[in-house]
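Computed from a predicted structure; not experimentally measured.
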Amino acid sequence: MTQQADLFKKLVAHSKEYGFIFQSSEIYDGLAAVYDYGPYGVELKNNIKDYWWAAMVQMHDNIVGLDSAIFMHPKTWKASGHVDAFNDPLVDNKDSKKRFRADVLIEEEIDKILGKADKEVEKAKKKFGDSFDEALYRTTNPRVLEYTQKAQVVTDRLTAAMSNGDMVAMKTIIEDLDITDPDTGSRNWTDVRQFNLMFNTQLGNIAGEEGKLYLRPETAQGIFVNFLNVQKSTRQKIPFGIAQIGKAFRNEIVARQFIFRMREFEQMEMQFFIRPGEEMKWYDYWKQTRMNWHRKIGTPESKLRFKDHDNLAHYANAAVDIQYEFPFGFKELEGIHSRTNFDLTSHQDLSGKKLQYFDPELNENYVPYVLETSVGVDRMFLAMMSESLQEETVPDADGNDSTRVVMKLHPALAPIKVAVLPLLKNREELVKAGTDVFNKLKFSFQCQYDEKDAIGRRYRRQDAIGTPFCVTIDFETLENNTVTIRERDSLKQERVHIDKIEEIVRQRVDMKTLLL
RNA sequence: GCGGAAGUAGCUCAGCUGGUAGAGCAUCAGCCUUCCAAGCUGAGGGUCGCGGGUUCGAAUCUCGUCUUCCGCUCCA
C-alpha cells in the first residue's frame with residue numbers, strides 16, 4: 001500500500017513536472033478538484049478521445065456523433081430526475097463523525113413513532129381477541145391517536161421543510177424529536193445543509209427561478225432530446241447509436257484522488273437505441289465490446305474487471321462498471337447501463353412531444369429502449385498514466401546502473417510520436433540535416449526537435465513523456481541519408497533510410513492497429 | 001463535512017531550542033562532446049501557501065484560512 005501510495009505521488013508529481021496536468025488557478029492557491037491539462041496532457045487526452053471516437057463512430061455505420069450544448073432547458077433536468085434526485089439535505093453528527101441524510105433520519109423517526117402505535121394495537125388485539133375492531137381502536141384509543149397524530153404532524157413538517165428547502169426547519173425537527181445517532185446515541189448535530197450536485201447559473205439578466213440554468217451533470221440528456229433530430233436527419237434504423245464527447249459538471253461533496261473525481265470532467269458517452277425487450281442482448285454485446293476496447297490499448301486483463309451495481313439508479317434495469325486497478329484500488333472507469341425507456345418517456349411526457357420510432361419490421365410505434373456506455377475521459381487518462389509510468393534500471397554510458405523514468409504509453413496515444421535529434425548541435429551540417437527531417441515529418445506526426453544537451457539526456461527526456469521513437473542524425477546521415485531510429489521500450493536502434501522513417505513510425509502509431 | 005498528515009526554487013527536500021533562506025537535480029547562455037541522465041564557466045529563479053497575532057525580530061511559536069494526500073462519509 002505504501003508502495004502504491006508512493007507510485008501515486010510520483011504520478012502526480014510527474015504529471016506536473018512534465019506538463020501533463022496542472023492544478024487550476026494554481027497562483028491563487030488552486031481551486032479544489034479542478035485541473036488543467038498541460039501541453040502533453042492535452043495531446044494524450046485528445047488521442048484517447050480520438051481512439052474512442054474512431055472505435056465507436058467511425059467503425060460502426062449505425063453510430064453517429066453529436067455535440068450538444070452544455071446549457072439545456074431547465075425542464076430537461078426535471079425530466080431526467082436530476083432536480084429531485086441530485087438534491088440531498090445532509091447532516092453530520094459531530095461526535096460519531098458520521099453523515100446522514102436529514103430527511104431519512106426524520107423518516108426513520110416517524111416509522112419509530114408509528115411502530116409504537118402498532119405495538120399498542122397489537123397489545124389490544126391480544127387482550128380483546130376476536131371481538132377486536134382494529135379500525136375503531138385506531139381512531140379512538142387516545143394513546144394510539146397521540147402517536148399517529150404526532151407522526152402526521154412530523155410528516156407534514158418534513159414535507160413543508162423539504163418543499164421549501166428550509167434547512168433550518170429540518171434541524172429544528174431533528175432537535176424537537178431528540179433524534180440520536182443510530183450507532184452512538186449522540187444528539188450533537190451540525191446544521192442541516194443542502195447539497196445540490198448540479199451547478200446552476202442565470203440565463204441573461206433574469207433573476208430567480210425563471211432564468212435558472214444548470215450546467216449539465218451528464219452529457220446523455222443532450223442525446224436524448226435530439227433523438228428524433230438525429231434519427232430523421234441521418235435516416236437511422238433501430239438499432240442505432242449516438243455518440244458524444246463533452247464536459248459535464250457535478251458539485252461533488254468530496255472530490256478527491258487527483259483527477260479521478262473532479263467537479264468539471266469530460267465524458268465519452270454513447271446511447272444505443274434498441275427495441276424493447278432486446279436490452280439484455282445488447283447489454284451483453286456492449287459489455288464485451290467495451291471491455292475489448294480497453295484491452296486493445298494495452299491495459300492488462302488482470303487490472304480490468306466488471307463490477308455489477310448493487311443499487312440500480314432510478315433509470316436503469318441493469319448496470320455494470322468496468323473497473324481499472326488504479327494505484328488506490330479498483331475504481332470505475334466506464335459504466336454500461338441499460339436505461340430502459342425511462343429518459344425518452346420522461347421527456348415525452350414533460351415536453352408533450354412524441355419521442356417514438358416507427359419500426360417497419362414490426363409495423364408499430366414505440367419508445368425505444370436505451371443501452372448506454374459512458375467512459376470518464378479523465379479517468380481513462382489517469383488509468384493510462386498509471387499504467388504506463390515506470391521506473392527502470394538501464395546501463396549508462398559507463399555500463400553502470402542508472403534509473404530511467406519512462407512512460408510506456410501505447411504509441412497511438414503518445415503525445416509526441418517522433419523526436420528528431422542531431423547528434424551534436426555545434427556541427428552545422430548535422431543541425432541542417434536534422435531540421436530538414438523534422439520539417440518533413442511534422443506534416444505527418446506530432447514531432448519534437450531537440451539539440452540541447454547530450455544525446456543520452458535527450459533520449460531520457462523523450463522517455464519521460466512517452467515518445468515512442470527518437471530519430472538521431474549522425475555523421476553517417478550526411479554520407480548516405482540514413483538515420484538511427486531508437487525505440488522507446490526496447491532501447492534498440494535501427495539504421496534506416498530517411499525516406500523510411502515515416503512508414504516505420506506510422507506502422508506503430510496508427511490508430512488502425514487498435515481498431516482491427 | 002469530520003479526523004490525521006503536509007505545504008520552503010520548476011522537482012525532491014534541508015533549515016536544531018525565533019536572528020531576515022540553502023543543497024541536489026532541473027532551467028538558460030557559452031565552451032566542450034561521434035549514441036542512452038558526461039564535463040567546465042557563468043546566469044536566472046523563493047513576498048518560506050495566504051492572512052492575522054505574539055515578539056526588537058517569525059520559514060521557525062500561535063490562531064484562522066486555502067490547497068493537497070490518507071481515513072471516514074457520500075457517490076447516477
Side-chain angles (χ1 to χ4, degrees), chain A residues 1-2 4-6 8-10 12-19 22-35 80-82 85-86 88 90-101 188 190-193 195 197-198 217-218 220 248 250 252-258 261 267 309 311-316 319 321 328 331-332 335 337 339 342-343 372 374 392 394-406 421-427 430 452-464 470 472-478 483-484 486 488 491-493 495:
Chain A
M1 190 58 207
T2 31
Q4 296 265 292
D6 193 47
F8 189 51
K9 259 180 103 171
K10 277 186 179 159
V12 176
H14 191 88
S15 296
K16 187 189 174 189
E17 184 166 6
Y18 289 94
F22 308 123
Q23 194 180 9
S24 163
S25 321
E26 202 188 47
I27 62 166
Y28 292 107
D29 290 333
L31 186 61
V34 185
Y35 291 90
S80 70
H82 285 84
F86 250 27
D88 294 337
L90 298 179
V91 64
D92 291 299
N93 187 281
K94 289 179 192 169
D95 297 325
S96 70
K97 312 295 179 202
K98 300 260 186 199
R99 164 168 293 173
F100 300 89
R101 277 183 54 173
N188 195 3
T190 63
D191 287 340
V192 179
R193 287 166 303 244
F195 287 89
L197 257 38
M198 281 198 292
E218 66 174 20
R250 284 181 202 175
E252 299 283 354
I253 303 161
V254 200
R256 251 195 269 144
Q257 278 154 332
F258 199 36
R261 177 165 291 135
Q267 295 182 307
H309 281 212
N311 303 312
L312 292 176
H314 60 268
Y315 54 72
D321 287 343
F328 41 85
K331 298 276 179 181
E332 179 187 357
H337 306 130
R339 293 185 76 132
F342 173 88
D343 299 277
E372 168 188 78
S374 175
E392 283 183 346
V394 294
D396 67 10
D398 305 320
N400 299 319
D401 283 351
S402 71
T403 309
R404 91 163 170 151
V405 176
V406 54
L421 318 168
L423 194 56
L424 299 173
K425 74 165 173 181
N426 59 356
R427 299 298 158 84
L430 290 179
K452 176 89 173 99
D453 297 315
I455 191 72
R457 172 175 300 283
R458 282 179 274 165
Y459 287 146
R460 297 297 173 85
R461 272 206 289 261
Q462 294 302 324
D463 288 340
C470 289
T472 308
I473 315 298
D474 57 17
F475 291 97
E476 210 178 320
T477 311
L478 305 175
V483 297
T484 59
R486 175 235 193 214
R488 178 193 66 202
L491 298 171
K492 293 250 166 62
Q493 282 182 293
R495 184 160 282 279

Enquirer: Using the C1' atom in both, what is the distance from B:U8 to B:C50, to the nearest Å?
Expert: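 Looking at atom C1' only, B:U8 and B:C50 are 14 Å apart.
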Enquirer: If pairing requires Watson-Crick or G-U wobble contacts with both distances under 3.5 Å, which nucleotide is the partner of B:C40?
Expert: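 Checking every strand shown, B:C40 finds its partner in B:G30, with both distances under 3.5 Å.
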Enquirer: Closest to the A:F8 side chain: B:U27, B:C69, B:U68?
Expert: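 The closest nucleotide is B:C69.
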Enquirer: First locate atom CG of A:L31, then atom OG of A:S24, and finally report the distance between them rounded to the nearest 0.5 Å.
Expert: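 Going from the CG atom of A:L31 to the OG atom of A:S24 covers 5.0 Å.
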Enquirer: Closer than 3.5 angstrom, by distance alone: can the side chain of A:R404 be matched with the main-chain N or O of A:E392 as a donor-acceptor pair?
Expert: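 Pair absent, no side-chain N/O of A:R404 close to backbone of A:E392.
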Enquirer: With rounding to the closest Å, how many angstrom separate the C1' atoms on B:G15 and B:G22?
Expert: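 The answer is 7 Å between these two C1' atoms.
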Enquirer: What is the pairing partner of B:G7, taking Watson-Crick or G-U wobble pairs with both distances under 3.5 Å in any strand?
Expert: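 B:C66 - that is the nucleotide pairing with B:G7, both distances being under 3.5 Å.
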Enquirer: A:K452 NZ to B:A29 P: how many Å, rounded?
Expert: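 Distance check: A:K452 NZ to B:A29 P gives 6 Å.
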Enquirer: Distance check needed: B:U68 C1' versus A:E26 CD, whole Å only.
Expert: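 Going from CD in A:E26 over to C1' in B:U68 covers 11 Å.
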Enquirer: Please give, in whole Å, the distance from B:A6 P to A:Q23 CD?
Expert: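 Whole-Å distance recorded here is 19 Å.
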Enquirer: I'd like the P distance from B:C13 over to B:A6, given in whole Å.
Expert: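 These two P atoms come out 13 Å apart once rounded.
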Enquirer: Check whether any side-chain heavy atom of A:T472 sits under 4.5 Å from a side-chain heavy atom of A:Y459, and report yes or no.
Expert: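 They are in contact (side-chain heavy atoms under 4.5 Å apart), so the answer is yes.
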Enquirer: Okay, side chain of A:R460, backbone of A:V405: is any donor-acceptor separation there less than 3.5 Å?
Expert: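 No.
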Enquirer: Mark up nucleotides 32-44 of chain B, 5' to 3', with B wherever a protein heavy atom is under 4.0 angstrom from a base atom, S wherever such an atom reaches only the sugar-phosphate, and - elsewhere.
Expert: -BBBBBB------
Enquirer: Taking donor-acceptor contacts at under 3.5 Å, does the side chain of A:H82 reach the base of B:A76?
Expert: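 When only heavy-atom distances are counted, A:H82 does reach the base of B:A76 through a donor-acceptor pair under 3.5 Å.
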Enquirer: Rounding to an integer number of angstrom, what distance separates B:G44 and B:A29 when you compare their P atoms?
Expert: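 Comparing P positions in B:G44 and B:A29 gives a spacing of 15 Å.
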Enquirer: Take atom P in B:C16 and the same atom in B:U62, then report the distance between them in whole Å.
Expert: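 Here B:C16 and B:U62 have their P atoms 14 Å from each other.
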Enquirer: Quick one: closest heavy-atom pair of A:A33 and A:R261, and the distance?
Expert: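 What the structure gives for the nearest pair is CB-O, 4.1 Å.
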Enquirer: Can you name the closest pair of heavy atoms from A:S80 and A:F342 and give their distance?
Expert: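 Distance-wise, the nearest heavy atoms are O-CE2, 3.7 Å.
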Enquirer: Between B:U27, B:C28, B:U68, which one does the side chain of A:Y35 approach most closely?
Expert: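 Nearest listed nucleotide: B:U68.
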Enquirer: If you measure from CG on A:D343 to CD on A:E372, what distance do you get to the nearest 0.5 Å?
Expert: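 Between A:D343 CG and A:E372 CD, I get 8.0 Å after rounding to 0.5 Å.
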Enquirer: Which heavy atom in A:L430 sits nearest to a heavy atom in A:P422, and how many Å separate them?
Expert: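 What the structure gives for the nearest pair is O-CB, 3.7 Å.
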Enquirer: Within this structure, what is the CD-to-P distance between A:E332 and B:A76, rounded to whole angstrom?
Expert: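 Nearest whole value for this atom pair: 10 Å.
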Enquirer: For A:R261 and B:U68, what is the distance between atoms CZ and P respectively, to the nearest whole Å?
Expert: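 Atom-to-atom, A:R261 to B:U68, this comes out as 14 Å.
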Enquirer: Partner of B:G19 by Watson-Crick or G-U wobble geometry, both contacts under 3.5 Å, or none?
Expert: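 Answer to the pairing question: B:C56, which forms a Watson-Crick or G-U pair with B:G19.
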Enquirer: Does a side-chain N or O from A:K16 land closer than 4.0 Å to OP1 or OP2 of B:G10, or not?
Expert: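 No, A:K16 has no side-chain N/O under 4.0 Å of OP1/OP2 on B:G10.
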Enquirer: For B:C72, give its Watson-Crick or G-U wobble partner with both distances under 3.5 Å, or none.
Expert: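 Its partner is B:G1.
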Enquirer: For nucleotides B:G53 and B:G42, find the distance between their C1' atoms and express it as a whole number of Å.
Expert: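 Each nucleotide's C1' atom is 44 Å from the other's.
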Enquirer: Of A:R461 and A:A13, whose nearest nucleotide on RNA chain B comes first from the 5' end?
Expert: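 The 5'-side residue here is A:A13.
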Enquirer: With C1' as the reference atom in both, quote the distance from B:G57 to B:U41 in angstrom, rounded to an integer.
Expert: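 Per the computed distance, 39 Å lies between those C1' atoms.
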Enquirer: CZ of A:F328 versus C1' of B:U68: gap in Å, rounded?
Expert: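 Answer to the nearest Å: 14 Å.
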Enquirer: Write down the distance separating the P atoms in B:G7 and B:A14, rounded off to the nearest Å.
Expert: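 Looking at atom P only, B:G7 and B:A14 are 8 Å apart.
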